[in-house]
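Okay, structure first, notes after.
Lettering follows sequence order; numbering is per chain, from 1.
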Amino acid sequence: MATIVGTIMTSHVPAIGGAIAKGRQSDPYWKPFFDGYPPVRAWLDRVKPDVAVAFFQDHGLNFFLDKLPTFAVGAAPEYPNADEGWGIPTLKPVKGDPALSWHIINTLVADEFDITMCQQMQIDHALSLPLALLWPGGGDWPIRVVPITMNHVQHPLPSPKRSWKLGESVGRAVQSWDSDARVLVLGTGGLSHQLDGERAGFINKPFDLMCMDALVNDPQKLTRYSALDLVREAGAQGTELMAWIAARGATPGRVTKVHSNYHVPISNTAAGLLVLQNEDAALPKAA
Amino acid sequence: MATIVGTIMTSHVPAIGGAIAKGRQSDPYWKPFFDGYPPVRAWLDRVKPDVAVAFFQDHGLNFFLDKLPTFAVGAAPEYPNADEGWGIPTLKPVKGDPALSWHIINTLVADEFDITMCQQMQIDHALSLPLALLWPGGGDWPIRVVPITMNHVQHPLPSPKRSWKLGESVGRAVQSWDSDARVLVLGTGGLSHQLDGERAGFINKPFDLMCMDALVNDPQKLTRYSALDLVREAGAQGTELMAWIAARGATPGRVTKVHSNYHVPISNTAAGLLVLQNEDAALPKAA
Amino acid sequence: MGAGKKDYGIPGTPIFDGDAAQKGYALNAMCYSFNSAENREAFKRDEDAYCAKFGLSPEQRAAIANRNVQQLIAAGGNIYYLAKFAGIFGLDVQDVGAQQTGMTKEAFKAKLVEAGR
Amino acid sequence: MGAGKKDYGIPGTPIFDGDAAQKGYALNAMCYSFNSAENREAFKRDEDAYCAKFGLSPEQRAAIANRNVQQLIAAGGNIYYLAKFAGIFGLDVQDVGAQQTGMTKEAFKAKLVEAGR
Ligand SMILES: [Fe+3]
Ligand SMILES: [Fe+3]
């Protein structure tokens with residue numbers, strides 16, 4: 001059966017793509033953010049995942065309000081990237097893993113998740129930029145992905161509790177997948193931020209730090225919030241925390257925190273980073 | 001609060017559209033089928049619904065395999081019809097009821113259904129032909145609709161149990177809708193039929209009759225079947241029975257059977273018709 | 001029988017699952033396009049060009065050329081999209097059923113009537 | 001503040017719900033089209049024609065003409081689609097935030113830095 005090596009939760013904002021393209025990683029503005037990632041890459045070198053199951057929202061690239069899914073699961077052989085309207089450099093397509101996608105789809109539907117099944121899907125900055133942070137330097141991505149998108153565009157949003165359950169079901173699916181693959185769980189988005197309204201620029205550092213702590217030791221605590229609670233506490237777009245909650249739900253057994261980082265601001269966003277290792281998987285120890 | 005007057009479950013097949021267009025209702029082949037509907041129209045004249053919540057599958061008109069939802073709820077002001085590839089006459093668009101659509105959407109997401117929300121949707125023969133059977137003669141449809149589509153195109157399909165629960169949640173939504181509207185529940189599809197494979201033409205009359213009986217008195221009995229059980233018992237496309245199961249799940253309280261009909265064959269299909277009245281609603285008595 | 005790898009144990013009954021859906025994607029995309037009368041005309045005008053535009057596999061192209069439902073299903077075709085292809089030639093689901101069961105259309109229709117007794 | 005009718009009790013925070021989504025449909029459809037560079041060029045070439053093609057309401061057309069984020073949101077715009085409109089002019093989410101809060105961009109950025117202390 002497949003092994004879940006652990007979980008990476010990270011913020012994503014389009015501006016990261018611009019900073020990478022312009023080589024600004026060491027600028028004073030960007031350094032505290034980019035400095036968070038070398039330890040993650042060291043961990044990845046050690047646990048060597050083959051495929052990532054990634055939870056994130058689609059920011060109006062694949063889906064429009066004509067037909068907007070609550071949860072969508074990609075089952076494509078390849079996922080192209082797009083500029084999304086800003087003319088930022090388009091990154092390489094990432095390879096899919098249709099066998100794992102369909103195994104996850106079959107499990108989710110059996111578990112009464114009413115997903116949208118996508119044999120074609122583009123990826124936006126919510127997946128391409130985390131990949132670029134984890135595997136910088138260009139070249140082909142050394143990982144396959146199964147993208148799972150969550151609606152944070154139009155209310156009603158799914159709840160944190162439903163997001164957690166989605167993650168749990170995906171975690172069970174991966175662990176029952178007949179494969180010797182090593183699987184990384186990825187959740188991207190957040191932390192607190194708000195783009196719209198007179199409260200634009202809202203950030204809630206105490207709430208974010210509480211969440212980052214809870215995600216290690218007591219994640220189900222976060223499922224007591226409603227989607228609107230998250231809007232209030234984490235900002236209108238801070239609901240993306242649900243991608244972290246889903247990723248944590250997918251992470252089985254005992255976990256240890258490998259690394260974390262938190263820096264405000266990147267663009268309008270409190271940037272968080274959290275890496276958890278699955279202690280129940282047989283993984284190489286740190287040197 | 002809105003009142004659910006009752007529920008109509010009926011088969012749909014594209015050939016019905018041809019028979020109506022050619023005025024063949026009294027042909028020996030078609031008469032036993034069309035003769036089922038005048039009693040339903042008499043009942044509709046009595047209970048006078050304003051809006052219908054309709055469960056059915058989309059037969060590859062709105063949705064393709066690129067992005068295929070398990071359950072989708074329409075929230076459009078109007079739903080156009082299309083010929084679907086056969087050049088059959090296109091029927092008039094049907095008006096939507098966005099207020100009820102959004103109330104149902106809000107309820108379903110709160111109840112942890114991961115629906116796709118559709119501000120644009122076309123309707124295929126699964127809705128247009130039942131409307132034409134219930135309100136024949138052309139002219140504008142005297143009813144608004146909220147279409148709810150269910151995936152029967154690509155496995156994994158939702159289960160009969162999940163379909164029942166979907167219906168239950170929709171029924172609760174309608175009953176909590178702040179409106180004096182009279183609401184009809186509609187479920188279309190089935191009964192047993194199979195279009196593909198060496199078993200094409202498969203029909204299972206005993207199973208259909210058992211289902212029609214259970215749908216009146218013991219509907220939850222049918223939720224013990226899996227989707228594949230339905231394929232086996234009712235044929236590859238007989239899984240459309242789930243639209244009847246969802247419609248029955250949406251029907252509250254005590255029901256009485258107003259009318260039923262069953263005739264084999266229409267096209268490749270066992271044609272069923274079942275009308276239930278909600279006895280807990282204050283409705284005019286039959287003359 | 002179907003295009004998938006898994007046997008679901010229901011004789012004579014293709015199950016359109018993820019395997020079949022992957023295999024049939026280009027073919028089904030083409031058939032889905034036949035919802036539009038304009039596309040149906042374009043197919044009739046130049047079948048080769050139309051198939052090439054959708055990137056059909058050689059197996060799919062041959063099945064389309066042969067108008068053969070079993071071959072189309074084996075190549076990943078989904079019956080609901082294939083019905084739109086059949087519609088181009090004025091064929092209905094009874095023609096499609098007769099072809100798959102190796103019966104005349106009359107015999108197929110008689111079988112259906114018999115199933116109602 | 002938002003385009004919807006319901007008050008969710010979160011000050012300064014539009015909630016893009018069904019009411020807003022209905023009101024903003026045409027506007028958001030236009031902004032969604034800006035995922036494509038070709039469409040962004042078409043908008044720049046002839047803004048009037050492009051808006052007309054999507055059937056914007058007069059309120060939406062005026063908000064687009066004014067490049068005014070608050071008006072766009074009041075007209076049913078969703079911030080994720082509006083960001084693609086802002087992108088045409090090289091504006092980022094900090095420009096958008098500064099405009100909505102009535103601050104200079106520098107002051108808005110300083111406010112964000114302050115929130116991290
Ligand atoms: Fe985001
Ligand atoms: Fe059907």
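Note: D:Ala29 leads D:Ala21, D:Ala98, D:Ala29, D:Ser36 in heavy-atom pairs under 4.5 Å with chain A. Put simply, of A:Val264, A:Ile203, A:Leu61, the one with the most heavy-atom pairs under 4.5 Å next to chain D is A:Leu61. The candidate with the highest count of non-hydrogen atom pairs below 4.5 Å against chain A, out of D:Lys109, D:Met103, D:Arg117, D:Glu114, is D:Arg117. Most heavy-atom pairs under 4.5 Å with chain A: of the set D:Leu91, D:Asn28, D:Val113, D:Val96, this distinction falls to D:Asn28. Chain D forms the most heavy-atom pairs under 4.5 Å with one residue out of A:Pro265, A:Ala236, A:Gly87, and that residue is A:Pro265. Ranked by non-hydrogen atom pairs under 4.5 Å with chain D, the options A:Val13, A:Ile88, A:Val231, A:Leu68 are led by A:Val231.
Aromatic ring orientation, D:Tyr80 versus A:His59: perpendicular (interplanar angle above 60°, classes split at 30° and 60°).
Side-chain contact check for A:Gln194 versus D:Ile10: every heavy-atom pair is 4.5 Å or farther apart. D:Asn78 places a side-chain heavy atom less than 4.5 Å from the side chain of A:Val153. Between D:Tyr32 and A:Asp66 there is no side-chain heavy-atom pair separated by less than 4.5 Å.
For a residue to count as touching a neighbouring chain, one of its non-hydrogen atoms must lie under 4.5 Å from one of that chain's; by this rule D:Ala86 does not touch chain A. Within the 4.5 angstrom heavy-atom criterion, atoms from both the backbone and the side chain of D:Ala83 approach chain A. Neither the backbone nor the side chain of A:Glu233 has a heavy atom closer than 4.5 Å to any heavy atom of chain D. Contact annotation for D:Val69: neither backbone nor side-chain heavy atoms come within less than 4.5 Å of a heavy atom of chain A. Proximity to chain D involves both the backbone and the side chain of A:Gln154, based on heavy atoms less than 4.5 angstrom apart. Only the backbone of A:His152 comes within less than 4.5 Å of a heavy atom of chain D; no side-chain atom from C-beta onward does. Proximity to chain A is absent for every atom of D:Phe85, based on heavy atoms less than 4.5 angstrom apart. Of the two parts of A:Phe63, only the backbone, made up of N, CA, C and O, holds a non-hydrogen atom closer than 4.5 Å to a non-hydrogen atom of chain D. For A:Asn268, the parts lying under 4.5 angstrom from a heavy atom of chain D are both the backbone and the side chain.
Within a 6.0 Å radius of NZ in A:Lys165, other residues, nucleotides and ligands contribute more than 12 heavy atoms. Environment of NZ in D:Lys105: crowded, with over 12 heavy atoms of neighbouring residues, nucleotides or ligands closer than 6.0 Å. Heavy-atom neighbours of D:Lys111 NZ from other residues, nucleotides or ligands within 6.0 Å: above the threshold of 12.
Pairing each heavy atom of D:Thr101 with each of A:Glu198, the nearest pair is CG2-O, 3.5 Å. The nearest pair of heavy atoms linking D:Thr13 to A:Arg199 is OG1-NE, 3.1 Å. Across every non-hydrogen atom of D:Tyr81 and A:Leu65, the tightest pair is OH-CD2, 3.6 Å. Closest approach of A:Gly60 and D:Asn35 over heavy atoms only: O-ND2, 2.8 Å. Taking each heavy atom of A:Ser267 and D:Val93 in turn, the nearest pair found is OG-CG2, 3.1 Å. Across all their heavy atoms, A:Ala200 and D:Gly97 have their closest contact at CB-CA, 4.0 Å.
In this structure, the side chain of A:Trp86 does not engage the main chain of D:Asp92 through any donor-acceptor pair within 3.5 Å.
Not counting sequence neighbours, D:Asp17 has no partner by the salt bridge (charged side-chain N to carboxylate O under 4.0 Å, His left out) test.
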